[in-house]
Number of protein chains: 2
Amino acid sequence: MAIGRPSPSSSQTPDPGAARRTSRARGIPEATVARLPLYLRALTALSERSVPTVSSEELAAAAGVNSAKLRKDFSYLGSYGTRGVGYDVEYLVYQISRELGLTQDWPVVIVGIGNLGHALANYGGFASRGFRVAALLDADPNVVGSTAAGLPVRHMDELEDIVVSQHVSIGVITTPPGAAQLVCDRLVEAGVTSILNFAPTVLTVPDGVDVRKVDLSIELQILAFHEQRKAGDEPAGDSVLDRAPGPVRAAAAKLRRAAGGGKSAEPAKNAPAAKGPEDDLSAVMPA
Amino acid sequence: MAIGRPSPSSSQTPDPGAARRTSRARGIPEATVARLPLYLRALTALSERSVPTVSSEELAAAAGVNSAKLRKDFSYLGSYGTRGVGYDVEYLVYQISRELGLTQDWPVVIVGIGNLGHALANYGGFASRGFRVAALLDADPNVVGSTAAGLPVRHMDELEDIVVSQHVSIGVITTPPGAAQLVCDRLVEAGVTSILNFAPTVLTVPDGVDVRKVDLSIELQILAFHEQRKAGDEPAGDSVLDRAPGPVRAAAAKLRRAAGGGKSAEPAKNAPAAKGPEDDLSAVMPA
DNA sequence: TAGATTGTTAATCGATTAACAATC
DNA sequence: TAGATTGTTAATCGATTAACAATC
């Protein structure tokens with residue numbers, strides 16, 4: 001069946017369900033799907049203030065997108081607006097909720113109850129919007145038996161039973177990176193078909209399983225990239241010198257030559273790398 | 001100075017720094033920038049195993065992308081590979097680190113030391129890779145003075161002093177949604193130009209400030225969307241009936257008519273919505 | 001030299017945007 | 001009817017991908 005690709009932020013085998021680009025089945029583009037929760041949040045806020053209708057312009061501002069994009073997005077759902085008037089808030093809340101599958105109940109397991117698992121278990125937006133924490137799981141006997149967010153932490157051994165008996169199809173992984181793939185395999189084997197991964201690892205899953213990942217470290221690195229550009233806002237330095245300190249570059253070039261070796265048809269992977277200059281490199285690297 | 005747009009996952013005013021599409025300054029596309037941390041992580045693992053060189057095919061597999069994409073990505077950085085051989089691991093680690101700005105130190109403040117703030121403060125990947133927690137801040141007097149990850153939690157009042165004196169340019173917001181915009185404003189006013197937002201709110205920032213957001217609830221909703229499609233995998237139902245229960249649709253249509261009103265040139269926003277049918281709608285909605 | 005693998009080209013695909021006709 | 005605002009079109013832009021010439 002293969003849903004469209006698991007989204008830009010998802011990681012998987014080198015490109016699995018690459019078959020259907022748009023997330024098909026009434027053909028809503030992935031980019032649109034990713035924005036629907038944003039619209040829904042803005043609409044919910046309007047609903048709570050009992051605002052009856054809203055224009056694309058107003059709603060777009062509230063959601064932080066431009067109105068053309070919003071109207072295009074909504075056009076994939078159907079014609080739910082009224083020309084000259086706008087959109088009925090309650091009706092749209094319902095339509096988007098239904099489209100996202102939030103009119104049904106989604107039991108979720110959280111595996112790995114460390115700091116982050118705790119935080120997620122307590123997260124309010126979890127319980128609302130159709131998601132229900134079916135169980136908290138951990139491998140550490142010291143953690144098992146304690147409670148988090150009013151729920152008992154249960155042992156990993158119960159994973160399969162819980163997934164099957166409670167019909168869990170969504171799993172959240174908040175384990176250390178080393179345990180993530182194993183936990184993932186067990187979840188998938190037991191029947192989970194959607195995984196939200198907080199561990200900084202690439203997960204490999206079979207076709208038909210969606211993985212999305214949340215990665216603090218990656219987000220920070222992307223910010224650092226832009227931040228760096230802001231600081232030195234020269235015309236856009238492209239001299240050789242500003243690309244790497246001279247000595248480092250020289251050492252690296254040497255390294256490459258050494259690695260390249262020569263005659264061997266064997267990929268240089270097996271050529272013993274000239275160790276030494278690397279210390280220079282790692283000296284400028286963060287631990 | 002307007003960096004390229006803050007990325008798909010960033011939220012801001014309806015489209016601020018829309019000027020430069022690719023993240024300019026040697027023109028690395030946003031999509032490529034977002035993948036560099038992935039490559040870096042895979043390369044670091046290889047480096048720790050003392051693997052000297054790696055082919056695009058191998059590295060792509062480790063990073064969870066396809067090799068064509070990886071080679072294209074690397075081509076924006078320069079020609080760092082060797083035909084017939086592959087890439088020198090150490091050299092590439094250095095080049096990507098430098099490109100991402102990780103060869104310098106980035107002091108970061110975390111505002112809002114609840115469960116999530118705690119989790120982040122303790123996050124290992126934080127301290128490594130050039131990021132350093134400069135301070136933990138909270139508004140709650142009961143939290144201020146406690147320690148998290150070995151650091152004292154300081155009061156919000158100190159925000160400006162800390163940002164200025166420690167040259168903090170990156171702020172992480174883990175406050176409740178209601179406080180996020182205010183905290184954001186203070187951070188920006190004090191000189192922060194990059195924000196990582198964990199609060200489920202759209203933040204408005206001036207031009208030149210980047211915002212990225214991490215939103216558990218949105219990720220889950222995207223998974224639910226795909227999950228829903230998997231369950232009922234009919235040819236792709238598009239009868240009117242499967243789009244909404246009859247009564248709901250009827251009630252909604254009525255609502256829309258009522259809202260549309262008629263003569264008034266005023267947007268129907270001000271027309272008193274016919275309350276009543278909405279209860280039907282909210283009944284099927286998650287709280 | 002023969003084999004391997006990069007770096008680049010060009011085709012394709014998906015997403016964004018402005019503009020405006022349709023229509024409430 | 002006049003004004004407002006949607007839904008859609010078409011142009012543009014950015015990202016992905018396969019293929020292959022360059023070259024180690």
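To find a chain, count down the sequence lines: A is the first, B the second, and so on, and within it residues start at 1.
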Please determine, for D/dT16, whether a Watson-Crick or G-U wobble partner exists with both distances under 3.5 Å, and give it or none.
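Answer to the pairing question: C/dA11, which forms a Watson-Crick or G-U pair with D/dT16.
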Residue matched to D/dA21 through Watson-Crick or wobble contacts both under 3.5 angstrom
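D/dA21 is paired with C/dT6.
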Nearest-Å distance, [atom1] ([X]) to [atom2] ([N])?
| X | N | atom1 | atom2 | result |
| --- | --- | --- | --- | --- |
| A/Glu58 | D/dT5 | CD | P | 7 Å |
| B/Asp73 | C/dT6 | CG | P | 14 Å |
| B/Arg71 | D/dA15 | CZ | P | 19 Å |
| B/Tyr39 | C/dT6 | OH | P | 13 Å |
| B/Tyr76 | D/dA15 | OH | C1' | 8 Å |
| B/Glu57 | D/dT17 | CD | P | 13 Å |
| B/Gln95 | C/dG7 | CD | P | 12 Å |
| A/Lys69 | D/dG14 | NZ | P | 13 Å |

Is any side-chain N or O of A/Asn66 closer than 4.0 Å to OP1 or OP2 of C/dT16?
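A/Asn66 to C/dT16 OP1/OP2: no side-chain N or O under 4.0 Å.
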Under 4.0 Å from OP1 or OP2 of C/dT6: is there any side-chain N or O of B/Ser56 that close?
yes
Would you mind classifying the nucleic acid contact of B/Ala68 as base, sugar-phosphate or nothing, using non-hydrogen atoms under 4.0 angstrom?
base
At 4.0 Å (heavy atoms only), tell me whether A/Tyr87 reaches a base, stays on the sugar-phosphate, or touches nothing.
sugar-phosphate
Nearest to side-chain heavy atoms of [X], which nucleotide of [options]:
| X | options | value |
| --- | --- | --- |
| A/Ser79 | C/dT5, D/dG7, C/dT16 | D/dG7 |
| A/Arg35 | C/dT16, D/dC24, D/dT16 | C/dT16 |
| B/Lys72 | C/dT8, C/dT23, C/dT6 | C/dT8 |
| B/Ala31 | D/dA15, C/dC24, D/dA19 | D/dA15 |
| A/Glu30 | C/dA15, D/dG7, D/dC24 | C/dA15 |
| B/Thr82 | D/dC24, C/dT16, C/dC24 | D/dC24 |

Step by step, work out the salt bridge (charged side-chain N to carboxylate O under 4.0 Å, His left out) result for B/Glu99 and A/Arg229.
CA-CA 10 Å; B/Glu99 197 65 58; A/Arg229 295 278 125 76; 3.0 Å; yes
Residue that, paired with B/Tyr80, satisfies ring-ring contact (aromatic ring centres under 6.0 Å, His included) out of B/Tyr87, B/Phe74, B/Tyr91
B/Tyr91
Base of D/dT23 paired with side chain of B/Arg83 (donor-acceptor, under 3.5 Å):
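When only heavy-atom distances are counted, B/Arg83 does not reach the base of D/dT23 through any donor-acceptor pair under 3.5 Å.
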Looking only at side chains, do [X] and [Y] share a donor and an acceptor under 3.5 Å apart?
| X | Y | answer |
| --- | --- | --- |
| A/Thr193 | B/Glu227 | yes |
| A/Arg71 | A/Ser56 | yes |
| A/Ser217 | A/Gln221 | yes |

The criterion is salt bridge (charged side-chain N to carboxylate O under 4.0 Å, His left out); which residues satisfy it with A/Arg41, sequence neighbours excluded?
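Partners of A/Arg41 under the salt bridge (charged side-chain N to carboxylate O under 4.0 Å, His left out) test: B/Asp215.
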